[in-house]
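Letters go in sequence order (proteins before strands), and every chain restarts at 1. Every value quoted in this text rests on a predicted model; they were computed, and no experiment measured them.
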Amino acid sequence: MADILKGLNEQQRAAVTAGDGPVLVLAGPGSGKTRVLTHRIAYLAQERNVRAWHIMAVTFTNKAAREMENRVLGMLGESGKLDGLSIGTFHAICARILRVEADYTTFTRDYAIFDTEDQLAVMSHVVGDLNLDPKTNTPRSLLSKVSAAKNELIAAREYQPSEYRDEKIRRAYQRYDELLRENNARDFDDLLMHTVQLFQQNADVLERYQRRYQYVLVDEFQDTNIAQYTLVRLLAGERRCLFAVGDPDQSIYAFRGADYRNVKRFAEDHPDAQVIMLEENYRSHQAILNAAMGVIDQNTDRTKKNLFSQRKKGPLATIYEAYSEDDEAHYVVETITDLVSKGEYKPGDFAIMYRTNAQSRALEDGFRRANMPYRLVGATSFYSRKEIKDVMAYLRLTHNPSDNVSFERIVNVPTRGIGQKTIETMITWARDQGMSPPQALFMLLDDKIDSPLSSRARAALVGFAKMLQEWRRVRDDLMPAELISKVLKDTGYISYLDDGTEQGQSRIENVLELRGYAERYNGLPLVTFLEEISLVSDVDTPEDDLNRPSLMTLHSAKGLEFPVVFITGVEENILPHSRSIAPERRPGITEDERQEGIRAVEEERRLMYVGITRAEQRLYLLYATMRSLYGDSRSNLPSRFLYDIPDAARNGSDLPRRGVTEGERRSYQAMTTWAAPASYLTRSEETPKSSAKTRFRGGDVVFHAKYGEGVVISAKVAGGLEQVDVMFPGIGGQKTIIADFLKKVES
DNA sequence: CTGACTAAGTTTTTT
DNA sequence: ACTTAGTCAG
């Protein structure tokens, strides 16, 4: 007991030792959330004699799951009480349940799991099948609607269209699900929704799992969606032994269905829940926390938290105004060099965070120029590389011949004379025969079968079919790695990649790395390998402990901490991202759209908050006055979030003034030449152009994304566009701006 | 059927 | 700027 509770504060202990009822741990950043959950598992196993078999712990990523498992093992490993403990992501746990309970579902045990790319391929077929206009109904947009519905547990036949556009979505959803079924495949959202359906439709199955999982613990609860929350409630059942840990202020995945209101729902659904708040921060010193609170306090619809730290005082947040992204990179590299040479920090103590992956480029250049090694976190994941996906498609098709997406992916890779036309003929023919294309492919092996294919095309397809048949024959006798070797050899895939370029070489290395990785599955069935690869985003990076500065997006910084943190590109249009502030710039939007815009900016604010709170000792916030984006050079204003940081918590560059003072407004107003309303004009003056009403008039205070606040001098409509002359004190000059780019500021 | 050209569209990311 | 999807001549 002493061991497990050692080093925990009173609230943390209360959480770890809480009784069997529902428990909600609401905790700030750096308060030891995950630690509490880890200790809770060890406590249950050791002190309460709960068999590990009865415990299910859900984490946000696979990596977090592995780390948690290791830590629990470290705490009570020798007692060997962890048999059967389930730690993993929702998706991994659901995938396994669906496989084990396949008899209760309409999919076979061998079902494939489709990732985003596969999903897009399926949805493209849907657009074709339904003759939808791909301009207005892109596969991507349809998919996001379907995914949102699934996340809310709305099945295709329950989807209620409320307007005409939704009717198309409903049909697309239906067709999409049909195609998945034909492929014997589920997408990520299905894993969750189908598991919920399995439990809802089979009381006996649910009861079995409720008996098994008597303790359900969920980490990062603010990032769960409705499906996940429903699942957790079903499992907890009458016992309601739910233990959820989260921080609504760190919810940054709403864009993919996470709903931080689950936290509120949990409290409402469990009125007797024990709610434990952890506010003490063990990570950062107070100045950093004050900066973080200044930013997050601007969000509405939240419970205010008072973050405090007993750490000794540390430096204030430094704001640096760079000229450009190159200067930004330069400043980062210089600062690191300086702090390292003083012996205060080692290279691995630094992290550089940014909103978008595209921003890493200039930083990488900077590091390379200075000959400083760095670590790039995330970016293109190993498993989303083309060459890896190709090889995986071969294995998946071998395992599940109904997988049309994999079939279409590699039927002509490397090129073997099977072109678009042949594939089309083949698919049409297969459909006419009531078979899947891969099934039809095997039919071609029989000479007597008639088909509309040319003899050349048929010969090419037969060659491919023979290979596939051979792989299917040996798949149970070979280890996964051996099967990969055979596929590579039979298809000549390696020489296909070897195009003499460096890129080709690195692709070959990647494929060989995949084969090396598959060695770990020696003795395990192919399906285990396939399933785990589908549910994992990236390979273990053994260089994780490399002593280098890390570059990452703010999203991938979640859960991490570093002594020194730089956040770059803290600018309007980047953080908050232009897409999230688009609604507030657009005039004449509906109330719903406006609310949507506010929600989007609040999520950006939480992202900024997550970034700031990663810092233990030093925090640098950078913005550039000039930055190249999509080719041309643009300038952004410093992010609104910077202005929310209290003066007492920051030093460095002074932020440019954003507003218009009363004195400036009056003096600029004196310059105004009113655009006279139409009623003031005589008939002769009333030309079609000038009679149009302007939205702005002299004296209005307006906001422009680039120049900040200004005062309208005059406005006129010409060529169908409202042109507004505005005086901007921020730049000390006058500009003519199209009205659409201006927003009225309430004064 | 393949390689070369052109147009379009650019968040965040884990599963 | 840069990738990538789609079109077209060889």
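- At a threshold of 4.0 angstrom between heavy atoms, the contacts of A/Tyr253 are confined to the sugar-phosphate backbone, with no base atom among them.
- The aromatic rings of A/Tyr253 and A/Phe60 sit tilted, their planes meeting at an angle between 30° and 60°.
- OP1 or OP2 of B/dT13 has at least one side-chain nitrogen or oxygen of A/Thr553 nearer than 4.0 Å.
- Nearest-nucleotide positions on DNA chain B for A/Glu604 and A/Ser556 put A/Glu604 closer to the 5' end.
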Could you write out each protein N or O paired with an N or O of nucleotides 2-8 of chain C at a distance under 3.5 Å?
| from | atom 1 | to | atom 2 | distance (Å) |
| --- | --- | --- | --- | --- |
| C/dC2 | OP1 | A/Arg361 | NH2 | 3.3 |

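- Across the protein-nucleic acid pair, A/Asp223 atom CG and B/dT12 atom P stand 17 Å apart, rounded to whole Å.
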Between the protein and nucleotides 1-5 of chain B, list every N/O to N/O distance that falls short of 3.5 Å.
| from | atom 1 | to | atom 2 | distance (Å) |
| --- | --- | --- | --- | --- |
| B/dC1 | OP1 | A/Gly419 | N | 2.7 |
| B/dC1 | OP1 | A/Thr422 | OG1 | 2.7 |
| B/dT2 | OP2 | A/Asn412 | ND2 | 3.1 |

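- One finds no side-chain N or O of A/Asn357 lying less than 4.0 angstrom from the OP1 or OP2 phosphate oxygen of B/dT11.
- The cationic atom of A/Arg606 (NZ for Lys, CZ for Arg) lies less than 6.0 Å from the six-membered ring centre of A/Tyr260 and within 45° of the ring axis.
- Both cation-pi conditions hold for A/Arg186 and A/Phe107: the charged atom is under 6.0 angstrom from the six-membered ring centre and inside a 45 degree cone around its axis.
- With no hydrogens or angles considered, a side-chain donor-acceptor pair links A/Gln359 and A/Thr356 at under 3.5 Å.
- The aromatic ring centroids of A/His555 and A/Phe255 lie less than 6.0 Å from each other.
- Rounded to whole angstrom, the span from the CD atom of A/Gln250 across to the P atom of B/dT14 amounts to 16 Å.
- Neither side chain, A/Tyr229 nor A/Asp259, offers a donor N or O lying under 3.5 Å from an acceptor on the other.
- Between B/dT11 and A/Asn573, no contact under 4.0 Å exists linking OP1 or OP2 to a side-chain N or O.
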